[in-house]
Each structure stands twice: as structure tokens, then as C-alpha cells.
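Structure, as C-alpha cells:
Here is how names work: the chains are called A, B, and so on, in the same order as the sequence lines, proteins then strands, and each is numbered from 1. All values below were derived from every heavy atom in this structure, side-chain atoms included, with hydrogens, water molecules and symmetry-related copies excluded.
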Amino acid sequence: MIQLADPQAIAIDPASLAALEADLATKSPQKILRLVLKQFEAIAISFSGAEDVVLIDMAAKINKDVRVFTLDTGRLHGETYQFIDRVRKHYNLKLEMVFPDAALVEALVNAKGFYSFYQDGHKECCGIRKVRPLRRKLSTLDAWITGQRQDQNPSTRANVPVVQLDTAFSTEDHPLIKFNPLANWTSTQVWQYIRAYEVPYNPLHERGFVSIGCEPCTRAILPHQQEREGRWWWETAKEKECGLHAAINAAQDSPAAIAAQS
Amino acid sequence: MNIIVVQKIKRDGQPCAKSAKVLGDLNSRGLLPQIHRIVAADEGDPDSEGYELAAQFQVEAAPFFLVERDGGDIQVYEAYARFLKEVFQQEPSEAEEIAEMMAQNPDLDFI
Ligand code: SF4
């Protein structure tokens, strides 16, 4: 059961969330944060060590005890670890670090080495180092706040709303609400904020890194490339391995199929 | 109940990674004898039965599962974990559950 500071304030049925989305979509990230930090007790910001630092800056001005967690996959850049520590000190945060299950990482690395993702695809490693620990952390929260924005990836984030029921991590008896206060902001707005308020930022951004993930799986991208193009770039062929799409078209165009249609 | 598993066979004659993994798991759970047929979607032959079934049921990735119940209705399962739960009442492993979450939410890794 979600613990709301004011139980009347936010209802979590789909219709109420849609109405809340319509209301929040026109509000500034700061106003959204002010509202949600007041309403939820078990709520935390997810900080990836990148531009989402602006959320911490905004939230710390509202509530200096705001909860922030960071997932340490064990494979982040040295610059990112230093930056995370800098943010911790700058905002005097009790940053909650979340680590993967050591036994699972140990088993993966012992079986396949440190770079299995270059052969087997990234999903197995991401599942162990990111998704499982994130799921464990989120099971302790009623709501979380992310820096996801619509302009980050037109194919997967174009419709990111300001508020949503997190269908990936909710369970039948534990609904989880996800707030994306920057959903409607552009990268330009984020950087205007960073400059205007002298927010500390990860030095990797100065070297062309837009999104910042694990060191072996993230690379700098060119202006106008999509952020996801900076991740797992070697995988296009591998990901298609189990796909049936191309041949579905071929099967539909095959002599047998054409004969069946005529 | 009639159960068909469609696996993809690559040009080198080997099953695709996910098909191999799922069939291995079905084997280790002792469920293979309950699979009526394993059909190939042969990358070298777009007319192979597996591709025809994929086109018929609009499935875009292997493996997938066709379950014909006693009334004659055919249900398509694209998610292995759900197939395991609903057809065999078996709990998927946490790794399978996570793999499925990631397949259904293609942005989960982007953190
Ligand atoms: S991004 Fe790369 S190193 Fe990081 S968890 Fe995923 S596969 Fe592993």
C-alpha cells in the first residue's frame, strides 16, 4: 500500500493518473517536484551520474533531505565515480548506492569473462548489473523520479509522460509510480539550467558523451545523433539474430503465398 | 492440448541464441516430451513452415509458442516466461523473468 503524506492528493488508478498527467504536463519541473516530494513518503530520485543532476539541484532547493539513489554497475567511468562523489559533497546528500548481487556478477564473470556483452549481447549483463538491483531498490519505494526526457530517443522515449504507473516494476500488491519531471524539457533547456545555476556536471559531457552509462558500453556521439546510438553500437547484427521480420515479408511474397492469395 | 514451438535456424544450421536457450531450458525442466512439435523457421528458406507460421500469427522474433486447446482455439505466446506459467504452471527463473521484462520494456537497460 502506497503511503501518501496526504492520501487524498494522488490517486493511482489509470484515469486519475491521466488527469494528473494532463495537469502536470504544463508545469515546470520544479513545480512537479514540489508537489510529488510533498505527497509521497517513500520516494527517491534516481541519479545516473549524467545530466539528471539538475533534478538533484532542483529537489535540494525544495527539500534538502531529498532521497537520491545511484546504481553502481561496477563498470562506470572513473570520471563518473568522481562526479558522483562531487555531487554527494556539493549537495550534502546521503546518497544511497545500489549494487548488483555480488554472487551473480561473480558467476557471470567467472563463466564468460569481463566483456561477455561484446559476444553475447548486453542484456544478460545489464539484467544482472542494472535491472535486478534496480528492481530490488524500487520494491522499497512507492514512487521514483527519473531524468527521462522525450527528446532522448524518438523510438522509445517520444511518449514519456510526466507521471505514469511504472508497469515494468509494479507488482499486483505494490504499485509503483514513476515521475519524469524533465519529460517535456529539451537537452538545450537542461544545459541552460546547468549553466544558469552553476550545477556541477560530469566532465565526460565535454568529450562528446551525451548519455552516460557503463564505460565499455558507452561512446561519444556526434551532434544530432540519438543518445541510444552511443550505446551497444556493435549489436545491430546480433540483435537481429532471432528476428523473423525480414523473412516474414519474404514468406508473404513467396510463390506459395501469392498462389494461396490468388 | 497441442503445443508447437517455433525455433529459428540460422544459415549456418544452428538455432538462434534465444531458441537454443529456451529449448535447453524446456529440456532441463523435463518439458520437452510435452511439446508436440518443434518447427523450424529456416533462415535459408523463407517458405519453411516456421516462417509461414510467423507470418500467419504476425510474430517477429523466435522462439514462439502455439498452443491449441481442446476447443480448437490457438493461442500464441511470444513470451517464454508467460508460456511457462500459463501452460505448465511453472515459475520462470528470475533470469527469465528479468529477460522478459527487458524484452517488453526496451528502454530498461538505458540507465
Ligand atoms: S551497460 Fe554494459 S557493462 Fe553495463 S551492465 Fe549493461 S552490458 Fe554490463
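The candidate with the highest count of non-hydrogen atom pairs below 4.5 Å against chain A, out of B:Gln7, B:Glu97, B:Lys18, B:Met101, is B:Met101. Among the candidates A:Glu124, A:Gln148, A:Arg132, A:Arg129, the residue making the largest number of heavy-atom pairs closer than 4.5 Å to chain B is A:Arg132.
The shortest side-chain heavy-atom distance between A:Arg231 and A:Ser211 falls under the 4.5 Å cut-off. Using a 4.5 Å heavy-atom cutoff, the side chains of A:Arg135 and B:Ile98 are in contact. Residues A:Val68 and A:Arg88 have side chains not in contact (no heavy-atom distance under 4.5 Å, counting atoms from C-beta outward). Considering only heavy atoms from C-beta on, A:Phe47 stays 4.5 Å or farther from A:Leu55 through its side chain. Using a 4.5 Å heavy-atom cutoff, the side chains of A:Phe69 and A:Leu134 are in contact.
Residues of residues 67-94 of chain B lying under 4.5 angstrom from chain A, judged on non-hydrogen atoms, are B:Glu94 by number. Contacts between residues 103-111 of chain B and chain A, defined by a heavy-atom separation under 4.5 Å, are made by B:Asn105, B:Pro106, B:Asp107, B:Leu108, B:Asp109, B:Phe110, B:Ile111.
Of the charged side-chain nitrogens involved, none lies within less than 4.0 Å of a carboxylate oxygen, so that A:Glu227 and A:Arg157 do not count as a salt-bridged pair.
Contact annotation for A:Leu104: neither backbone nor side-chain heavy atoms come within less than 4.5 Å of a heavy atom of chain B. With a threshold of 4.5 angstrom between heavy atoms, B:Ala41 approaches chain A through side-chain atoms but not through N, CA, C or O.
A donor-acceptor pair shorter than 3.5 Å cannot be found between the side chains of A:Asp120 and A:Ser116. Side-chain atoms of A:Asn180 and A:Gln150 include no donor-acceptor pair closer than 3.5 Å. There is a side-chain donor-acceptor pair under 3.5 Å between A:Asn202 and A:Thr80.
Ring geometry, A:Tyr115 versus A:Phe117: the interplanar angle exceeds 60°, so the pair is classed perpendicular (tilted spans 30 to 60°).
When every heavy atom of B:Gly50 is checked against every heavy atom of B:Val6, the shortest pair comes out as CA-CG1, 3.7 Å.
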